[in-house]
2 protein chains.
Amino acid sequence: MESAHSEPLERKRGRPTEAGRIERQEQILDAALSNFLEYGFGNATVDRIAADARVTKRTIYSYFGNKDGVFTEMQRRLADTVSGDTQNPDTLESLAARIVFGLHSAQMIGLHRLVIAESLRFPDLARTLHDNGDMRHVARLAEHIDAERGWGATDRAETLYALLLGEDYRRRLLGLIEPITADAAAGHAYSALKHLGLTDVQVR
Amino acid sequence: MESAHSEPLERKRGRPTEAGRIERQEQILDAALSNFLEYGFGNATVDRIAADARVTKRTIYSYFGNKDGVFTEMQRRLADTVSGDTQNPDTLESLAARIVFGLHSAQMIGLHRLVIAESLRFPDLARTLHDNGDMRHVARLAEHIDAERGWGATDRAETLYALLLGEDYRRRLLGLIEPITADAAAGHAYSALKHLGLTDVQVR
DNA sequence: AATTAATGATACGACGCCGTATCATTCTAT
DNA sequence: ATAGAATGATACGGCGTCGTATCATTAATT
């Protein structure tokens, strides 16, 4: 998770240009995300985030008020990120494979770990992730099932989603296995579809 | 999660009896479990654990060395607790219902949250929970499937387990819903069995 | 050009929590 | 019975981290 940046970059002092401010915001939030994903909220330090973002703590507090503020703003932007990938004229099978692959990525696993761990302190984050992540996945699965089968789409989509997660996803959450390959994700997705009788072999 | 104990209990000073020592051990580990489940490892304080256990910090450090030692010993005992419920001459359907109900309990959800959050710091805990919890569940499901169907038991058992968890379990982990009733658990279990063609209605 | 705003570098105060020390007290061991 | 071991009550040192303050520096503003 540790991106070996070229540390010796020093930034100019003094008041920055407007572009400089925007750049600082982005770098702070990027560093915050990566730090929160790796260490969780409690164990991530503002000093480290500042160092990674090539910014002093003063700037962070000037921009976001406090540590919670950084987290909250980062969470706000995640809603857009997680729900991305809006265009998707795929088949059900390739959609399922892509969902599996994405869920097993280091980014998503780290995010889910973080959200689960901090669900009591930041309940809104859990809601955000669920609505814009999981539920959107289910909805898109339902669209495809509806288009290809046209019956019982919603219920079957949620069932399918549960299978797409599966025990391997759980093992990944627990840190017991490494991320899977795209091929393995496709294989798992196909197996899940088969279990539910949703393979491309038409029913009748 | 806060059990409103009767606080004014004061314990005698001085060297305790042997039974007293055993009692202290239990109370410390009980308090540790409840605190770690509620706050996570980082946010749980030894002072609070000591207060809950009616013991001074000195005793805790005398018994377990440090905070990590308390956690490790608690984890060791969890292996036995999680794998409990060994006798189980149930039907597949009632077994599935009991698994669902158990997984949604506050204890199990808190434990899984803790394990996922601390999977990097305490990887052994994740392995323990998975082997003695999930895998044992899958194995028992496989036994029943094997007995009732006698074909493809292991693969189907893991698939079934994924469905038994399902999106509701995920919502529970995220703190989005409350624990379900035993009836709801049974309904969910039956639905999962039906999706996989494993209901009591014999296939042929 | 002069003034104001924002930043970097650095130090530091405040706070929380881990772990230890001290003294009185009670049980165990011999 | 006497000495030693373990505990409660309490205080406190040490450390890490959050958040703020100071001064020099640079850009925006007027």
Side-chain angles (χ1 to χ4, degrees), chain A residues 5-29 31-32 35-36 38-74 117-118 121-122, chain B residues 5-32 35-36 38-74 118 121-122:
Chain A
H5 282 307
S6 49
E7 299 285 345
L9 279 178
E10 283 184 13
R11 204 191 290 270
K12 268 193 304 188
R13 292 187 171 190
R15 183 173 184 172
T17 68
E18 193 55 31
R21 296 208 70 189
I22 295 176
E23 185 188 356
R24 279 175 173 80
Q25 276 241 8
E26 299 301 327
Q27 290 178 332
I28 293 169
L29 291 175
N35 272 272
F36 286 140
E38 184 167 359
Y39 301 108
F41 180 81
N43 289 108
T45 70
V46 179
D47 283 286
R48 177 64 183 260
I49 292 173
D52 288 356
R54 317 276 170 199
V55 161
T56 58
K57 275 199 295 184
R58 185 198 174 101
T59 303
I60 292 183
Y61 284 102
S62 161
Y63 281 22
F64 304 102
N66 55 22
K67 193 180 178 182
D68 281 48
V70 179
F71 191 92
T72 302
E73 179 62 19
M74 180 205 74
E118 306 298 340
R121 193 197 303 260
F122 299 99
Chain B
H5 283 308
S6 48
E7 299 286 344
L9 277 179
E10 284 184 14
R11 203 190 291 269
K12 267 192 304 187
R13 292 188 172 189
R15 182 173 184 171
T17 68
E18 194 56 29
R21 296 208 70 189
I22 295 176
E23 184 188 357
R24 278 174 173 81
Q25 275 242 8
E26 299 301 326
Q27 289 178 332
I28 292 170
L29 291 176
D30 285 354
N35 272 273
F36 286 140
E38 183 167 0
Y39 301 107
F41 180 81
N43 288 108
T45 70
V46 178
D47 282 286
R48 178 62 184 261
I49 293 174
D52 288 355
R54 315 278 170 201
V55 161
T56 59
K57 275 201 293 184
R58 183 196 177 98
T59 302
I60 292 183
Y61 284 101
S62 161
Y63 281 22
F64 304 102
N66 55 22
K67 193 180 178 183
D68 281 47
V70 179
F71 191 91
T72 301
E73 179 63 19
M74 179 204 74
E118 306 297 340
R121 193 197 303 259
F122 299 99

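Letters go in sequence order (proteins before strands), and every chain restarts at 1.
Between A:Y63 and C:dT7 there is a side-chain polar atom (N or O) within less than 4.0 angstrom of OP1 or OP2. The side chain of B:S62 contributes an N or O atom lying less than 4.0 Å from OP1 or OP2 of D:dT7. At C:dA6, none of the side-chain N or O atoms of A:T59 fall inside 4.0 Å of OP1 or OP2 (strictly under the cut-off).
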>> Go through it in stages, so that I can follow the logic: the residues are A:I28 and A:F64, the test is side chain to side chain contact (heavy atoms under 4.5 Å, CB included), and I'd like the CA-CA distance, side-chain angles, deciding distance and then a yes or no.
In response: CA-CA 10 Å; A:I28 293 169; A:F64 304 102; 3.5 Å; yes
>> Test side chain to side chain contact (heavy atoms under 4.5 Å, CB included) on B:R121 and A:N43; report intermediate values, then the result.
In response: CA-CA 11 Å; B:R121 193 197 303 259; A:N43 289 108; 3.2 Å; yes
> Taking it one step at a time, do B:Y39 and B:R48 satisfy side chain to side chain contact (heavy atoms under 4.5 Å, CB included)?
Replying inline: CA-CA 11 Å; B:Y39 301 107; B:R48 178 62 184 261; 3.7 Å; yes
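Between B:F41 and B:F122, the two ring planes are perpendicular [angle over 60°; tilted spans 30° to 60°].
Of the candidates A:V46, A:I60, A:T72, A:K67 forms a side-chain contact (heavy atoms from CB on, under 4.5 Å) with just one, namely A:V46.
A:V70 places none of its side-chain heavy atoms less than 4.5 Å from the side chain of A:Y63.
Contacts between residues 20-28 of chain B and DNA chain C, defined by a heavy-atom separation under 4.0 Å, are absent.
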>> One character per nucleotide, please: for nucleotides 20-30 of chain D, 5' to 3', B when the base has a protein heavy atom closer than 4.0 Å, S when only the sugar-phosphate does, - otherwise.
In response: B-B--BBBS--
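For the pair B:R54 CZ and D:dT7 P, the interatomic distance rounds to 18 Å; values are reported in whole Å. Counting to the nearest Å, the P atom of D:dC18 and the CZ atom of A:F64 are 15 Å from each other. Atom NZ in B:K67 sits about 15 Å away from atom P in D:dG16, given to the nearest Å. In this structure, CG of B:D47 is placed 16 Å from P of D:dG13, rounded to the nearest angstrom. Here the P atom of nucleotide D:dG19 and the CZ atom of A:F71 are 14 Å apart, to the nearest Å. Remark: C1' of C:dT20 and CD1 of B:I60 are 14 Å apart, rounded to the nearest angstrom.
Within the 4.0 angstrom heavy-atom criterion, no nucleotide atom of any strand lies near B:A19. Looking at heavy-atom distances under 4.0 Å, B:A44 makes contact with sugar-phosphate atoms alone, never a base.
Distance CG/B:N35 to CZ/B:F71: 12.0 Å, rounded to 0.5 Å. A:D47 contributes atom CG, which lies 11.0 Å from atom CG of A:D52 (distance to the nearest 0.5 angstrom).
Nearest heavy-atom pair across B:R24 and B:P16 is NH1-CB, 3.1 Å.
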